[in-house]
Amino acid sequence: MTSTRPLRLLVLCASARTGSVNRALAETASRRLAAAGAEPRLTGPNDYQVPLYDADLQEREGVPHGAERLAGHLREHDGIVIVSPEYNYSMPGSLKNLVDWVSRIKPWPTAGVHGLLMSASPSLVGGHRGLLSLRVPLEGLGMRLHPTMFSLARADRAFDGGDLAEQSERDRLDAVLGDFLAVVEAVTRYPEARAAMAAADA
Ligand SMILES: Cc1cc2nc3c(=O)[nH]c(=O)nc-3n(C[C@H](O)[C@H](O)[C@H](O)COP(=O)(O)O)c2cc1C
């Protein structure tokens with residue numbers, strides 16, 4: 001018998017700003033993941049506070065609690081959705097700093113973790129270039145990133161009552177989330193399904 005427990009998804013929003021458009025997108029995505037039967041856990045930078053990376057500090061005090069906390073959350077979930085602003089055509093320095101701290105934990109907590117990248121920006125490009133830069137360290141650290149990413153352009157005017165105003169944008173988001181969930185589900189359930197098939201054949 002294979003497990004049908006809900007898939008657990010960590011949703012990490014990289015902006016803690018009041019009125020953050022990325023937070024609005026992360027909240028919408030979390031609601032849509034829950035509606036699809038998954039269990040999202042929405043977190044942000046305040047859940048993973050770390051100082052600027054400093055090798056001497058690491059030598060003296062070890063990896064900070066915030067980085068260990070994220071590592072623990074990665075282990076407890078079946079996948080991660082990262083929702084991040086674009087800063088100067090790249091990822092925010094605070095997110096890269098968090099990734100740098102987490103990379104000091106061995107084995108890498110990111111290795112083999114399935115991830116989906118999303119962004120929101122008032123610009124017409126929607127923060128997509130920031131996500132392209134974010135792929136580089138995360139893939140280097142063994143994360144299995146979904147090929148399709150979701151970028152929301154003109155995000156400052158895209159929401160109405162907490163949800164995406166345009167049906168076409170809601171459909172586009174549901175399609176990406178559904179596709180990602182299907183991959184996470186296959187990867188998560190396959191070992192049990194394979195064992196069940198082997199037992200049935202025996
Ligand atoms: C330092 C800085 C650099 C930025 N660079 C970009 C950029 O390269 N591309 C872009 O689309 N928006 C850029 N923006 C605008 C952000 O997309 C905008 O402030 C957005 O609202 C930030 O996301 P948040 O609302 O989730 O905090 C930048 C903002 C800041 C503060």
Side-chain angles (χ1 to χ4, degrees), residues 8-27 29-30 33 40-123 125-152 155 180 183-184 187:
R8 292 184 287 257
L9 273 305
L10 187 62
V11 180
L12 168 53
C13 176
S15 173
R17 190 178 72 83
T18 307
S20 160
V21 290
N22 285 276
R23 182 76 186 193
L25 179 57
E27 286 172 358
S30 296
L33 286 168
R41 175 180 193 160
L42 180 53
T43 62
N46 293 337
D47 296 295
Y48 309 117
Q49 286 183 358
V50 288
L52 273 181
Y53 182 76
D54 176 336
D56 291 336
L57 180 64
Q58 184 194 346
E59 183 73 24
R60 277 197 313 274
E61 299 180 19
V63 172
H65 178 68
E68 292 285 4
R69 187 150 193 249
L70 177 52
H73 284 175
L74 287 169
R75 280 189 288 272
E76 289 165 11
H77 291 78
D78 301 307
I80 182 170
V81 179
I82 301 177
V83 189
S84 175
E86 174 179 284
Y87 278 5
N88 297 314
Y89 312 95
S90 185
M91 77 201 85
S94 53
L95 180 57
K96 177 62 162 49
N97 187 50
L98 180 58
V99 170
D100 288 343
W101 272 117
V102 169
S103 75
R104 307 313 290 168
I105 301 170
K106 302 294 179 320
W108 287 329
T110 41
V113 174
H114 282 258
L116 172 67
L117 303 186
M118 309 204 321
S119 64
S121 165
S123 81
V125 186
H128 202 73
R129 297 161 301 194
L131 299 186
L132 290 172
S133 78
L134 182 54
R135 294 192 79 93
V136 175
L138 294 182
E139 286 180 333
L141 293 168
M143 208 176 253
R144 295 177 182 165
L145 290 181
H146 198 63
T148 309
M149 304 187 285
F150 183 91
S151 294
L152 182 66
F180 177 61
V183 172
V184 174
V187 169

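Since this is a predicted model, take the numbers as computed values, not measurements.
For Leu42 against Ser30, the heavy-atom pair with the smallest separation is CB-OG, 4.0 Å. Residues Ala67 and Leu98 approach most closely at CA-CD1, 4.5 Å, considering heavy atoms. Between Tyr53 and Arg104, the shortest heavy-atom contact is OH-NE, 3.5 Å. Across every non-hydrogen atom of Ala120 and Asn22, the tightest pair is N-OD1, 2.9 Å. Closest approach of Gly79 to Val113, counting heavy atoms only: CA-CG1, 4.5 Å. Smallest separation of non-hydrogen atoms from Ala14 and Leu95: CB-CD2, 4.1 Å.
Under the rule for a side chain to side chain contact (heavy atoms under 4.5 Å, CB included), the partners of Ala71 that lie at least two apart in sequence or sit in another chain are Arg75, Ile105, Pro109. The ring pair (Phe, Tyr, Trp, His ring centres under 6.0 Å) test applied to His128 returns no partner, not counting sequence neighbours.
To the nearest 0.5 Å, atoms OG (Ser133) and OH (Tyr87) are separated by 13.0 Å. Rounding to the nearest 0.5 angstrom, the gap separating the CD atom in Glu61 from the CD atom in Glu59 is 11.5 Å. In this structure, CG on Leu131 lies 6.5 Å from OG on Ser84, to the nearest 0.5 angstrom. Interatomic distance, Leu117 CG to Ile82 CD1, rounded to the nearest 0.5 Å: 5.5 Å. For the atom pair CG (Asp100) and CD (Gln58), the distance works out to 11.0 Å, reported to the nearest 0.5 Å. Once rounded to the nearest 0.5 Å, the distance linking OG of Ser151 with CG of Leu132 reads 8.0 Å.
Annotation for Glu76: atom CD counts as buried by contact number, over 12 foreign heavy atoms lying within 6.0 Å.
The backbone N or O of Ala16 lies less than 3.5 Å from no partner atom in the side chain of Ser20, so there is not a single donor-acceptor pair. For Trp101 (side chain) and Pro51 (main-chain N/O), a donor-acceptor pair under 3.5 Å exists by modelled atom type. Arg69 places a side-chain N or O within donor-acceptor distance of the main-chain N or O of Asp47, the cut-off being under 3.5 Å. The main-chain N or O of Gly19 is found under 3.5 Å from a side-chain atom of Arg17 such that the two form a donor-acceptor pair.
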Set out, in order, the CA-CA distance, both residues' side-chain angles and the distance that settles salt bridge (Lys or Arg N to Asp or Glu O under 4.0 Å) for Arg60 and Asp56, then state yes or no.
CA-CA 6 Å; Arg60 277 197 313 274; Asp56 291 336; 5.6 Å; no

For the pair Tyr48 and Val102, evaluate side-chain contact (heavy atoms from CB on, under 4.5 Å) and give the outcome as yes or no after the intermediate values.
CA-CA 10 Å; Tyr48 309 117; Val102 169; over 6 Å; no

Test side-chain contact (heavy atoms from CB on, under 4.5 Å) applied to Leu70 and Leu10, step by step:
CA-CA 10 Å; Leu70 177 52; Leu10 187 62; 3.9 Å; yes

I'd like a table of donor-acceptor pairs (distance under 3.5 Å, sequence neighbours excluded) in which one partner is a side-chain atom from residues 136-147, with atom names and distances.
from   : atom 1 : to     : atom 2 : distance (Å)
Glu139 : OE2    : Arg135 : NE     : 3.4
Glu139 : OE2    : Arg135 : NH2    : 3.1
His146 : NE2    : Asp179 : OD2    : 3.4

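Looking at heavy atoms from C-beta onward, Leu152 lies out of side-chain contact with Val21 at the 4.5 angstrom threshold. Side chains of Ile80 and His73 form no contact here, defined as non-hydrogen atoms less than 4.5 Å apart. The side-chain heavy atoms of Leu9 and His77, taken from C-beta on, include no pair separated by under 4.5 Å. Contact annotation: the side chain of Phe150 approaches that of Leu25 to within less than 4.5 Å [non-hydrogen atoms, C-beta and beyond]. Between Glu86 and Ser119 there is no side-chain heavy-atom pair separated by less than 4.5 Å. Residues Leu52 and Leu57 are not in side-chain contact: their nearest non-hydrogen atoms beyond the backbone lie 4.5 Å or more apart.
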